[in-house]
J.: 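Below is the structure I would like to discuss, written out as structure tokens.
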Amino acid sequence: MKNYLFSIAFIFISLIITPVIALTDGVGETKNDGNVANFTENAVTESEKTTNADTPEESVITVFLSDTKKNLTVSEFEYVCGSVAAEMPLMYHEEALKAQAVACYTNSLRLKNSSNKKSINGADISDDTSTHQGYLTREERKEKWGDSYQKYESKLETVVEEVMGEHLTYDGEYCVAAFSAICTGTTESAENVWGSKIPYLVSVKSSGDTLSPQYSSTNTFTKAQFISIMKDLGVSINSKTNLTDVIGKEKCSKAGTVLKIKIGEKEVTGEKIRSAFSLKSAAFKITATENEITFKVSGYGHGVGMSQYGADYMARQGSTYDEILKHYYKGAEIEK
């Protein structure tokens with residue numbers, strides 16, 4: 001405990017004397033599904049470690065860079081900056097960015113204390129958004145921001161400084177601080193997406209999401225395309241069959257996620273349909289003609305935990321970052 005407190009104190013001191021090297025692209029809503037509970041096996045070729053010799057071990061994070069298959073070790077402050085930069089648009093309200101910073105830091109602490117690191121080259125966390133959460137190096141951030149780099153760096157540094165060290169816990173354990181870009185107007189429960197109940201990841205209202213220009217999306221497939229993709233899911237459809245006779249009624253959660261749908265003679269989960277057809281979310285309605293299938297999709301991401309667009313909306317209505325966090329992570333405590 002003493003080492004941890006010393007770590008947090010050291011981070012605050014380092015904010016004064018160490019230049020920040022983290023920015024973001026901030027273009028559109030994040031594509032991350034926030035699936036921070038899982039690991040994915042990755043091929044490993046070599047490891048590269050860069051850290052300041054004067055920085056205590058407890059105050060650094062080692063990130064597995066999935067593109068290069070290398071490890072990069074940075075200070076916790078720089079990691080949170082880089083992760084927020086990768087996960088939330090910098091044009092979002094400062095209070096929403098603070099909430100995102102707390103969520104990203106919480107996930108890094110939880111994963112740093114995990115014993116399952118073999119699949120990510122022994123690192124604490126991966127930058128692969130399909131398994132953990134994103135992270136942008138300074139070079140990547142500079143390239144994306146261009147002439148706006150200094151402006152966004154200043155905003156990001158200020159936001160992270162104000163909440164650095166704050167993290168979410170439930171019953172004394174680090175939270176799975178899941179988040180996604182846009183929900184359906186109601187966030188999803190962890191049980192409906194991952195099959196296990198998590199007491200602080202339950203459905204809550206997030207009405208601002210429906211105002212997002214990316215709230216709705218449409219995907220249309222020809223009969224041949226649909227039959228081919230469904231075959232990959234183990235569903236056989238006769239090419240002479242009228243597609244209107246193939247699609248059954250969806251069984252949905254109260255947030256709109258398709259839990260199951262009968263297609264042909266088989267029931268398929270909404271998540272499998274989403275993945276197979278590259279839909280933005282598993283909250284969809286299907287319409288069929290004789291030779292065409294159309295998915296009308298709501299939201300972007302799995303919808304569990306904090307909605308990033310919803311957080312920005314709440315912030316613009318006057319909510320503070322701690323109010324945002326307590327709204328989306330029910331019963332969780334914000335500790336420092």
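The figures that follow rest on heavy atoms only: side chains count, while hydrogens, waters and symmetry mates do not.
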J.: Set out, in order, the CA-CA distance, both residues' side-chain angles and the distance that settles side-chain contact (heavy atoms from CB on, under 4.5 Å) for Leu111 and Asp124, then state yes or no.
T.: CA-CA 6 Å; Leu111 291 165; Asp124 298 316; 5.8 Å; no

J.: One pair to check against ring pair (Phe, Tyr, Trp, His ring centres under 6.0 Å): Tyr200 and Tyr329. What are the steps and the verdict?
T.: CA-CA 5 Å; Tyr200 50 86; Tyr329 304 103; 7.0 Å; no

J.: Is there a continuous path of hydrophobic side-chain contacts, each under 4.5 Å between heavy atoms, that joins Leu259 to Val304?
T.: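 No; tracing contacts between hydrophobic side chains, which count when under 4.5 Å, never links both residues.
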
J.: Please say whether more than 12 non-hydrogen atoms of neighbouring residues, nucleotides or ligands are located less than 6.0 Å from CD in Gln317.
T.: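 Yes.
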
J.: How close do Leu201 and Gly305 get, counting heavy atoms only, and between which atoms?
T.: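 What the structure gives for the nearest pair is CD2-CA, 3.8 Å.
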
J.: Mind listing the closest non-hydrogen atom pair of Thr184 and Ala283 along with its distance?
T.: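 Looking at all heavy atoms of both residues, the closest pair is CG2-CB, 3.6 Å.
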
J.: Considering residues, nucleotides and ligands other than Lys296, do more than 12 of their heavy atoms fall under 6.0 Å from its NZ?
T.: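 For Lys296, atom NZ is not crowded (no more than 12 foreign heavy atoms under 6.0 Å).
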
J.: Can you tell me how far OG of Ser319 sits from OH of Tyr313, rounded to the nearest 0.5 angstrom?
T.: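 With rounding to 0.5 Å, OH (Tyr313) is 10.0 Å from OG (Ser319).
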
J.: What do you reckon, is CD of Glu143 surrounded by more than 12 foreign heavy atoms closer than 6.0 Å?
T.: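 Open: at most 12 neighbouring heavy atoms sit under 6.0 Å from CD of Glu143.
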
J.: Determine, stepwise, if the pair Ile182 / Gln308 fulfils side-chain contact (heavy atoms from CB on, under 4.5 Å).
T.: CA-CA 6 Å; Ile182 310 166; Gln308 294 171 310; over 6 Å; no

J.: Which value, rounded to the nearest 0.5 Å, describes the distance between Lys249 atom NZ and Lys262 atom NZ?
T.: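 Those atoms lie 14.5 Å apart.
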
J.: Is there side-chain contact between Glu162 and Tyr321, with at least one heavy-atom pair below 4.5 Å?
T.: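 No, every pair of side-chain atoms sits at 4.5 Å or beyond.
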
J.: Is it true that Glu95 and Lys98 have a side-chain N and a carboxylate O under 4.0 angstrom from each other?
T.: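 Judged by the 4.0 Å cut-off on N to carboxylate O distance, Glu95 and Lys98 do form a salt bridge.
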
J.: When you check the side-chain N and O atoms of Thr187 and Ser307, is any donor under 3.5 Å from an acceptor?
T.: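 Absent: no donor and acceptor within the cut-off.
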
J.: Are any of the side-chain heavy atoms of Val163 and Tyr105 separated by less than 4.5 Å?
T.: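 Side chain of Val163 against side chain of Tyr105, heavy atoms only: no contact under 4.5 Å found.
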
J.: Quick one: CE on Met314 to CG on Leu325, what's the gap to the nearest 0.5 Å?
T.: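 Nearest 0.5 Å value for the CE-CG distance: 9.0 Å.
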
J.: Determine whether Gln100 and Glu87 satisfy the following criterion, side-chain contact (heavy atoms from CB on, under 4.5 Å), listing intermediate values before the conclusion.
T.: CA-CA 8 Å; Gln100 183 69 61; Glu87 293 292 0; 4.1 Å; yes

J.: Search all heavy atoms of Tyr174 against all heavy atoms of Asn113 and return the closest pair with its distance.
T.: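 Scanning both residues completely, I find the closest heavy atoms to be CE1-ND2, 3.6 Å.
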
J.: Is any side-chain heavy atom of Glu188 closer than 4.5 Å to a side-chain heavy atom of Ser203?
T.: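 In short, these two side chains touch, coming nearer than 4.5 Å.
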
J.: Are any side-chain N or O atoms of Ser83 and backbone N or O atoms of Gly134, one a donor and one an acceptor, separated by less than 3.5 Å?
T.: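 Judged by distance alone, yes, a pair lies under 3.5 Å.
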
J.: Is any side-chain heavy atom of His132 less than 4.5 Å from a side-chain heavy atom of Asp127?
T.: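 In short, these two side chains do not touch, never coming nearer than 4.5 Å.
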
J.: Quick one: does Asn121's side chain have a donor or acceptor within less than 3.5 Å of a partner on Ala123's backbone?
T.: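 Side chain of Asn121 to backbone of Ala123: no pair is present.
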
J.: Does Glu76 pair with Lys112 as a salt bridge, N-O distance under 4.0 Å?
T.: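 Yes, Glu76 and Lys112 are salt-bridged.
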
J.: Hey, what do you get for SG (Cys175) to CG (Leu109), rounding to the nearest 0.5 Å?
T.: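 Here the rounded value is 11.5 Å.
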
J.: Looking only at atom types and distance, does a side-chain atom of Thr131 sit under 3.5 Å from a main-chain N or O of Asp128, one as donor and one as acceptor?
T.: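 Yes, Thr131 side chain to Asp128 backbone: donor-acceptor pair under 3.5 Å.
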
J.: Measure from NZ or CZ of Lys280 to the centre of the six-membered ring of Tyr300 and say whether it is under 6.0 Å with the direction within 45° of the ring axis.
T.: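 So Lys280 does make the cation-pi contact.
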
J.: Taking the side chain as C-beta and beyond, is there a heavy-atom pair between Lys205 and Cys183 under 4.5 Å?
T.: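 Not touching, per the 4.5 Å side-chain cut-off.
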
J.: Grab the two heavy atoms, one from Leu90 and one from Tyr152, that are nearest each other, plus how far apart they are.
T.: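 What the structure gives for the nearest pair is CB-CD2, 3.3 Å.
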
J.: Would you check if the side chain of Glu292 reaches a backbone N or O of Thr289 as a donor-acceptor pair within less than 3.5 Å?
T.: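 Absent.
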
J.: Is a side-chain donor or acceptor of Thr222 paired with a backbone partner of Gln225 at a separation under 3.5 angstrom?
T.: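 Yes, the answer is positive, given that a donor and an acceptor are paired below the 3.5 Å cut-off.
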
J.: Dump the intermediate steps for side-chain contact (heavy atoms from CB on, under 4.5 Å) on Glu166 and Glu335, then the final yes or no.
T.: CA-CA 5 Å; Glu166 296 186 35; Glu335 297 188 12; over 6 Å; no

J.: Assigning hydrophobic clusters by single linkage (Ile, Leu, Val, Met, Phe, Trp, Tyr; side-chain heavy-atom cutoff under 4.5 Å), is Tyr149 placed with Leu97?
T.: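 Yes, same cluster.
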
J.: Which atom pair, heavy atoms only, marks the closest approach of Arg316 to Met91?
T.: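 So the minimum-distance heavy-atom pair works out to NH2-O, 3.0 Å.
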
J.: Taking the side chain as everything from C-beta on, heavy atoms only, tell me whether Leu72 gets closer than 4.5 Å to Leu65.
T.: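 Yes. Closest side-chain heavy atoms under 4.5 Å.
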
J.: Is there a donor in the side chain of Thr294 and an acceptor in the side chain of Thr220, or the other way round, less than 3.5 Å apart?
T.: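 Distance-only check passes for Thr294 and Thr220.
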
J.: Report yes or no: does Lys142 contribute a side-chain atom to a donor-acceptor pair with the main-chain N or O of Glu139 at less than 3.5 Å?
T.: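 Side chain of Lys142 to backbone of Glu139, a donor-acceptor pair under 3.5 Å: no, none is there.
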
J.: Show your working on side chain to side chain donor-acceptor pair (under 3.5 Å) between Ser206 and Asp209 and close with a plain yes or no.
T.: CA-CA 6 Å; Ser206 186; Asp209 293 68; 2.3 Å; yes

J.: Decide whether Ile198 and Ile334 are clustered together by the hydrophobic rule: side chain heavy atoms of Ile, Leu, Val, Met, Phe, Trp, Tyr closer than 4.5 Å, transitively.
T.: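 Same cluster: Ile198 reaches Ile334 through Ile, Leu, Val, Met, Phe, Trp or Tyr contacts under 4.5 Å.
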
J.: Between Tyr328 and Ile324, is any pair of side-chain heavy atoms under 4.5 Å apart?
T.: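 Result yes, sub-4.5 Å side-chain heavy-atom pair found.
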
J.: Does Thr257 offer a backbone N or O that forms a donor-acceptor pair with the side chain of Ser253 under 3.5 Å?
T.: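 A pair under 3.5 Å: yes.
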
J.: Taking atom types as modelled and ignoring hydrogens, do the side chains of Ser114 and Asn116 form a donor-acceptor contact shorter than 3.5 angstrom?
T.: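 No pair is found: no donor N or O on one side chain lies under 3.5 Å from an acceptor on the other.
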
J.: Where is the tightest heavy-atom contact between Val160 and Ala101, given as atom of each residue plus distance?
T.: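 Val160 and Ala101 have their closest heavy atoms at CG2-CB, 4.5 Å.
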
J.: For the backbone of Asn238 and the side chain of Thr241, can you confirm whether one donor and one acceptor N or O come within less than 3.5 Å of each other?
T.: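 Here the side-chain-to-backbone pair exists.
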
J.: I need the Glu173 CD to Leu168 CG distance, nearest 0.5 Å.
T.: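 Answer rounded to 0.5 Å: 13.5 Å.
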
J.: For the residue pair Gln133 / Asn107, report whether a side-chain donor-acceptor contact shorter than 3.5 Å exists.
T.: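 Yes, because at least one side-chain N or O of Asn107 sits under 3.5 Å from a partner of the opposite role on Gln133.
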
J.: Is there a donor-acceptor contact under 3.5 Å from the side chain of Asp312 to the main chain of His93?
T.: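 Confirmed, Asp312 side chain pairs with His93 backbone.
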
J.: State which residues pass side-chain contact (heavy atoms from CB on, under 4.5 Å) with Thr269; sequence neighbours excluded, sorted by chain then number.
T.: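 Once residues adjacent in sequence are excluded, the partners of Thr269 under the side-chain contact (heavy atoms from CB on, under 4.5 Å) criterion are Glu271, Lys272.
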
J.: Find out whether Lys231 and Ser228 are in side-chain contact, i.e. whether some heavy atom of one side chain is under 4.5 Å from a heavy atom of the other.
T.: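 They are not in contact (no side-chain heavy atoms under 4.5 Å apart), so the answer is no.
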
J.: If you group Ile, Leu, Val, Met, Phe, Trp and Tyr whenever their side-chain heavy atoms sit less than 4.5 Å apart, what else falls in with Ile261?
T.: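 Ile261 shares its hydrophobic cluster with Phe221, Phe226, Ile227, Ile229, Met230, Leu233, Val235, Ile237, Leu243, Val246, Ile247, Val258, Ile263, Val268, Ile273, Phe277, Leu279, Phe284, Ile286, Ile293, Phe295, Val297.
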
J.: Within the 3.5 Å criterion, strictly below it, is a donor on Glu140 or Thr137 matched to an acceptor on the partner's side chain?
T.: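 Yes - a donor-acceptor pair under 3.5 Å links their side chains.
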
J.: Quick one: does His167's side chain have a donor or acceptor within less than 3.5 Å of a partner on Thr106's backbone?
T.: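 It does not hold such a pair.
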
J.: Ignoring hydrogens and geometry beyond distance, is a side-chain donor-acceptor pair present between Asn192 and Ser189 at under 3.5 Å?
T.: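 Ser189 and Asn192 do have a side-chain donor-acceptor pair below 3.5 Å.
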
J.: As an exercise, state the distance from NZ of Lys260 to CD of Glu250, rounded to the nearest 0.5 Å.
T.: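 The CD atom of Glu250 is 14.5 Å from NZ of Lys260, to the nearest 0.5 Å.
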
